[in-house]
Amino acid sequence: MKNFQNERTTIGAAAMGEAQAAIDLTLDYVRARKAFGAPLWARETIR
Amino acid sequence: MNKIAEIESREAARSAFGRSPYFSEEHELLRAQVRRFVETEIKPKALAWEEQGYVPREVLRRMGSLGFFGIRYPARYGGSEMDALATVVLAEELGRSTFSGVATTALVHSEMASIHVFRSGSAAQKDKWMPGIITGEVITALAVTEPDAGSDALAALSSAVRSTSTAGAHPIPRSSISTAAVFRPRTGSVKKAAASTRS
């Protein structure tokens with residue numbers, strides 16, 4: 001089990017990076033995409 | 001605004017309380033270097049790599065020459081002797097590329113497979129393999145799957161027998177992609193690591 005410390009830390013950190021990229025992509029999209037005259041960002045269901 | 005400046009301005013907006021106290025200046029320099037590599041050398045090309053199913057060797061050698069595979073290994077093998085958080089920085093930024101296949105290729109080699117050679121290899125094995133592992137000339141993989149042991153390589157029960165016969169030998173899947181497969185069999189009652197090589 002000793003190497004789990006190394007492996008799992010690395011996998012966890014890579015997943016953090018991926019999650020951050022997903023949030024960034026989502027934020028870009030909801031700011032750019034317009035529906036019914038306003039960006040999605042302005043709709044309370046998205047915020 | 002270019003991509004890197006954009007990511008950086010986002011980071012700045014996010015960290016109203018300043019940088020995490022766990023990361024030092026050295027970590028941030030590494031982060032900037034990995035980020036630059038991701039933006040210029042991974043993102044524009046990685047879709048094609050996913051299509052072909054592997055990351056080209058010259059890219060891995062380039063990562064090795066930038067020091068990405070020797071972050072925690074001793075300087076005598078060509079490593080930079082940084083701490084576990086430096087590995088976290090490397091993994092976070094590679095993950096952020098959104099190409100997890102590329103991230104996994106690099107991280108399995110540098111953090112999950114080669115570490116067995118480093119921790120359990122003999123001095124001679126380390127002298128032979130570690131410099132190439134760090135420069136990216138040698139790419140390691142793990143040969144670990146067993147009925148009772150998957151990713152926990154140290155729980156494997158397979159034993160190593162010195163033999164010239166190939167009866168009972170198993171081919172290693174996808175071995176064309178890696179230079180060396182790290183296999184940790186038991187030899188008698190003593191646990192030992194052996195690096196079995198294929199090219």
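All chains are named by letter (A, B, ...) in the order of the sequence lines, taking the proteins before the strands, and each is independently numbered beginning at 1. Note that the coordinates shown come from a computational prediction; the quantities given were computed from them, not determined experimentally.
Between A:T10 and B:L90, the closest side-chain pair of non-hydrogen atoms is not below 4.5 Å. For the pair B:I115 and B:Y73, the minimum side-chain heavy-atom distance is below 4.5 Å. A 4.5 Å side-chain heavy-atom check between B:T87 and B:M82 finds every atom pair outside the cut-off. Here the side chains of B:F118 and B:P74 are in contact, with some heavy-atom distance below 4.5 Å.
Residues of residues 25-51 of chain B lying under 4.5 angstrom from chain A, judged on non-hydrogen atoms, do not exist here.
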- Message: Checking B:T140 against B:H116 for the side chain to side chain contact (heavy atoms under 4.5 Å, CB included) test, could you report, in this order, the C-alpha distance in whole Å, the side-chain angles of both residues, the deciding distance, and whether it holds?
- Response: CA-CA 10 Å; B:T140 52; B:H116 294 285; over 6 Å; no

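B:Y77 places no side-chain N or O within 3.5 Å of a backbone atom of B:G132 that could act as its donor or acceptor partner.
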